[in-house]
Amino acid sequence: MSSSTHHPAYVHHFENLSEQKEAATFGMWVFIAQEVLFFGGLFAAYAIYRNLHPEAFYFGSHHLNIPLGAANTAVLIFSSLTMALAVHAAALGKRQQIVGWLLATVFLGSVFLGVKVVEYKEKFDHHLVPGASFQAGQLGMAEHIADPVLRGKAERASQIYFSLYFSMTGLHALHMIIGVPLILWIAARAWLGQFGPEYHSPVEIIGLYWHFVDIIWIFLFPLLYLIPKPH
Amino acid sequence: MTDHAAAADHAEAHEHAHPHIVPVRTYILVFLALMVGTAITVGASYVDFGHSYLNNLVALLIAFTKATLVVLFFMHVKYSSKVTQLAVGSGFAFLVILFFFTFADYLTRGWLGTPGS
Amino acid sequence: MQTEVVKGNEEAVPGNGLDRENYINAKHGIWSWLLTTDHKRIAILYLVSITLMFFMGGAFAAGVRLELMTPKGDLVDSDAYNKLFTMHGIVMVFFFLIPSIPAVLGNFLLPIMIGAKDLAFPKINLLSWYFYIVGVAVFLVACLFGGVETGWTFYTPYSTAFSHTNVILAALGIFIAGFSSILTGLNFIVTIHKMRAPGLTWFRLPLFVWAHYATSLIQILGTPVVAVTILMVAVERLLKLGLFDPALGGDPILFQHLFWFYSHPAVYIMILPGMGVMSELITAFTRKRVFGYEFIAISSLAIAVVGFLVWGHHMFVSGQSTYAGMVFSALSFLVAIPSAVKVFNWSATLYKGSVSWESPMMYAIGFIGLFTIGGLTGLFLAAMGLDIHMHDTYFVVAHFHYIMVGGAIFAYLGGIHFWWPKITGRLYPEYWARVAAVLVFAGFNLTFFPQFVVGYLGMPRRYHAYPEEFQVLNVLSTAGASLLGIAYLIPMVYLTWSLFAGKKAPANPWGAKGLEWTIQSPPTTFNFDHQPVVTEEAYAYAEGHDTSHDAAPPAAPVRA
Amino acid sequence: MWSFPLFPEQASTLASKVDALYFFLIAISVFFSILIAALVLTLAIKYRRRSEDEKPVPIHGSLLLELTWTLIPAGIVLVLFVWSAEVYFSAVRVPKNAIEITAVGKRWMWKVQHMTGKREINELHVPVGVPVKVTLTSEDVIHSFFIPAFRVKKDAVPGRYNTMWFEATKIGKYHLFCAEYCGTKHSGMIGTVYVMEPDAYQAWLGGEQAGASLASVGEKLFTDLACITCHRGDSGARGPDLAGLFGKPVKLANGETVTADESYLRESIVTPSAKIVEGYQPIMPTFQGLLSEEQLLQLVAYIQTMKAEVKDEAGAAAPAPAVGAPAAAPSPGAR
Ligand code: HEA
Ligand code: HEA
Ligand code: CUA
Ligand SMILES: [Cu+2]
């Protein structure tokens, strides 16, 4: 106990460093549980609306760029790996490796965000952003839905699909945008040699956060991009 | 990149807070599994399983598997304490509640022919 | 606390820490408060801000009641009236009652009760207060620029497409304050799991802690859903997304599902901490271990979990499916049972106790009665067939005020009085406290009982003007509200006065059990000089023929 | 002077059922409230502290008691649930022989239409002893149709149709409230329900029908909105001739054929671009947002009568256009 209460990172109100570390990790998990429900609200809205307007979602999804989405999924999974390796390196106290893997994670995260920007721009150019300038006409429903009344319904509802698309991916991107500076901060601390086998909670909990953001995308990708034709 | 023996050594010397250091090989395997999963998801979306429900089911099953892999290995839940597993589980359980009861409304609306039809 | 006479503070009181170092005099200056990470100081920050919000919400309520004296809408115009009740509801729910007991009493006491020096994440605790204050500020800006008038429920599409008031700002204020609530819950959960003193097993925890554990669960798992929902409303208004716009195929009822998924469990955020306070009060003022400890502890969890399964009872006439309605109705009845278990166990605790009628106990006894009435009228509403008639009438208004004012606020006031000596190191004048308790009780019943009657008669809520035959009952209600308003001011006066002139409090003025009573009043910054070790169950009062209990106080080292 | 009622009138078949449940709940509540109040007060007085060092008797629990006060309330709520669900079902299950009325909520009024097309605002005339089904929707926000004397209430939700029913049992005048907050004049959105003898109701229905028929209002709209400029019915018109259109197949520009029913007409007016008639340009402006649901009903009714004018054949066409309501409105409830 005495050794761990003399570590520079130790905060007095914990009994010892290991209690402190457990609290930090557990705290992050509780936070993630909270995040699950935060995204959950949107996922529930998605599920209900997709159930009410299957056609709209199908045609809407066909205007997403599947290759880009798939590539981005790979990038993000890769970044999860580099993050896991950073935590691994921290547990072993390999300073340069921690920094290296963290920077790799930041790089991959930025690639992901960059691709996202390209995708968003496409939507803007095609007037697929909900609001006054939204044009459902080019979703190509005309050739497929014979009944004009149904088609009208689907075309209107396709705005809901894109609203959800932007809300969900936007919120996800926001989480990454918050994550990147956090990782940089952790990398800087690692560079200063603040982490080692004794203590590397910050690396670990930021890692948890990053993996969670990855998981959200694992669901977003098939749900938004790969919608099968309803029948 | 890391050699195993050192990792194991270290884990022992260390106090119980970190009961387990996952070997790098596990990480790589998980990573590969995730990549394969992604590929299958994309591939499966071009296959018509006869009914769109089946397509959805396949996509979701793969997503759940991938998420579980990340949670268990990348996030170390496999090696974590019971409380942590409880926290993970409860987040998910309450999400299920949200879905279940909301759909309980939407899917049964037509039954009596009362509201909405 | 037997005497009301207040003498000078000359003589030293054992266990009083006002002249020694304590958390209040440990540091000085405004920044030592605004940047503090001491859970006790943060509790004080909350106490001050929440009290302000209470009186603000009360002032809005006064406006509502004054308007309703006469059937015609003659005091303010209808837009102003709609803003009054909306802002009353929002302030009272989101900025007063939800943070009240957890953020003030919970913050102050929870670490002490489990023998810790602080919460697990003191900085996050401070951050949560800042979230709260920024949320309040944003909401106040919304009020200054014309207010909101959507009702506290923000139903779509009224809130998204029709209201011309500051919905976005108000929603943002609530959104931000929501994170304050989430972070408080997170801190509590981690603290309770990881920082209990040696020997303090789960079933030795004070019931106050159990109640806060259950509350935190709801805060963490419910609040994010309403946060994202309210965010959707704001964004939809801003960018015309159309998520709830029926013209595009959006469904306004989906909003209600998402809203009530949180907001029903939220009512248990408001009452569970009060129930925790109740358990402490009842045991302390009967000097007896609580009856059925395990049942009270587990029922808190049961309420928290089952409380998540009943939200559709707010939507029986919305067009929700009949079958879903039935499920929600059945589960709503079910959630009444753990509440009933608590009520009966508290009552049974009195049996063969040593009951003293000091003011906190008066609030506690008031709580039992009023919560019972409030809860039982909840059963009327959970009965689908009846709710068709009662939904959105004053019966509902009376129901929730009975629980939220008669229940939660009574518990809050009882708790504030009970722990006041610990928090401030001063005693308050007991005589005035009893007068206030009686007046609050009388004023409360006069205000809200008539509303049950007028509600069943069919008077809809949120009505600025109403048919004449409802007037007599409304006048009674307004009269009661005036009494109630005055009664609330009395504690403000004597509690403030006691800060300067009250008698010094000893470490344990009530002879109560619990770690918080073993340390000096007010406590030092780190609460304990030595890590306390717990060897006994909670509420181990010295009781009659069972001599084994007489032996010793809890093994915590007593200071002073 | 002041009337000072303490209990609402019972004026529907449902009222007595609801009230019976109400009284049962009151009985339970009074019983438990008094039980608990008496228990707490007697105990608190009987065992009040008489000396500082008295010791309470250690009684810390009893499984038997716990079970008692878990199971008895559980039994009671079970009864309550079954009973209240039963009442609820009788409130939602519409009898087959109900006459139909539609009510549209609009800030801040109730617009009611009877089967014959007879309309009224903030008033509702119904016959006594006859089940009445009300189909509800809204033009803007959610409202709620509430008649306390009948113990009925249902939300009027935009974009979908909710139904409710009642059977009045007593002739008289009753309050009709809007119970869901809907903005500034929510409390002004009130009306009166008149329960009349069936004969009187029939007479009232017939009374002024000719004067205010849907179609005639629609005809005026057709001119006012300048529909007539394009749909003139001569060869130079820019839009198709609408006379005789109703009920006929229409060939569309994309080769499909649809039948011109009410939904089609409504759709044509609201979103003309959704389907273009063969041989015409998509120049018709959309009237979405410019027309109320009511006005749409009127226009549709008028276009239906245009058929009768041209082809003077037996009136096998549509019945009274008022009720039944357009199936074209987006109806998320329909799964
Ligand atoms: C702290 C707040 C709080 C609490 C604890 C509760 C508790 C309960 N509430 Fe309440 N409720 C509100 C606050 C609260 N409510 C608010 C704010 C609204 C209105 C929201 C709005 O629209 O603005 C509302 C509205 C509301 C409705 C919707 C009404 C409508 O709009 O049509 C319903 C319907 O079921 C309901 C039911 C219940 C039930 C069954 C309980 C139960 O948990 C009560 C359980 C307690 C008891 C039953 C008493 C103790 C028992 C005994 C002493 C023994 C005897 C027991 C039996 C025989 C079972 N509430
Ligand atoms: C914690 C929650 C809480 C609390 C404490 C209160 C407290 C009070 N409430 Fe509130 N109320 C709600 C939560 C709460 N309410 C909610 C959620 C709604 C629904 C809103 C909606 O429909 O959207 C509501 C709605 C509501 C209505 C219905 C409005 C309507 O539907 O049109 C009424 C009407 O009587 C009312 C009255 C009161 C009164 C008289 C008090 C009293 O207890 C307040 C007493 C306090 C004071 C009066 C202030 C202190 C004294 C002074 C500042 C001195 C000066 C004053 C006088 C001399 C009178 N409330
Ligand atoms: Cu319409 Cu309230
Ligand atoms: Cu509720």
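For the numbers below, each heavy atom of this structure counts, side chains included, while hydrogens, waters and symmetry mates do not.
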Measure distances from [X] to the heavy atoms of chain B and classify the residue's part below 4.5 Å as side chain, backbone, both or neither.
X	value
A:Phe212	both
A:Phe221	side chain
A:Ser80	both
A:Ile32	side chain
A:Ile218	both

For the [atom1] atom of [X] and the [atom2] atom of [Y], what is their distance to the nearest 0.5 Å?
X	Y	atom1	atom2	value
A:Trp29	B:Ser90	CH2	OG	11.0 Å
A:Phe26	B:Ser81	CZ	OG	7.5 Å
B:Leu34	A:Asp214	CG	CG	7.5 Å
B:His51	A:Lys229	NE2	NZ	13.0 Å
B:His76	A:Thr25	NE2	OG1	10.5 Å
B:Thr38	A:Ile77	OG1	CD1	3.5 Å

Using side-chain heavy atoms (C-beta onward) and a distance below 4.5 Å, is A:Asn51 in contact with B:Leu107?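 A:Asn51 vs B:Leu107: side chains touch.
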Less than 4.5 Å apart, side chain to side chain, heavy atoms only: is that true for B:Asn56 and A:Arg50? yes
Please state whether the side chain, the backbone, both or neither of [X] comes within less than 4.5 Å of a heavy atom of chain A.
X	result
B:Leu98	side chain
B:Phe99	side chain
B:Phe64	both
B:Val30	neither

Heavy-atom pairs under 4.5 Å with chain B are the metric here; pick the option from A:Leu37, A:Val30, A:Leu81, A:Leu223 that has the most. A:Leu81
Taking A:Ile215, A:Ile227, A:Val36, A:Val87 one by one, which has the highest count of heavy-atom pairs under 4.5 Å against chain B? A:Ile215
Show your working on side-chain contact (heavy atoms from CB on, under 4.5 Å) between B:Phe103 and A:Ile48 and close with a plain yes or no. CA-CA 7 Å; B:Phe103 270 94; A:Ile48 293 293; 3.9 Å; yes
On the 0 to 90° scale, with breaks at 30° and 60°, tag the B:Phe31-A:Phe78 ring pair as parallel, tilted or perpendicular. tilted
For the residue pair A:His88 and B:Tyr27, does the interplanar ring angle fall in the parallel (under 30°), tilted (30 to 60°) or perpendicular (over 60°) class?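 Answer is perpendicular, since the angle exceeds 60°.
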Between B:Leu60, B:Thr102, B:Val83, the one whose heavy-atom pairs under 4.5 Å with chain A are most numerous: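 Among B:Leu60, B:Thr102, B:Val83, the one with the most close pairs to chain A is B:Val83.
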Which atom names give the shortest non-hydrogen contact between B:Gly91 and A:Ala33, and what distance separates them?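 Closest pair (atom of B:Gly91, atom of A:Ala33, distance): CA-CB, 4.0 Å.
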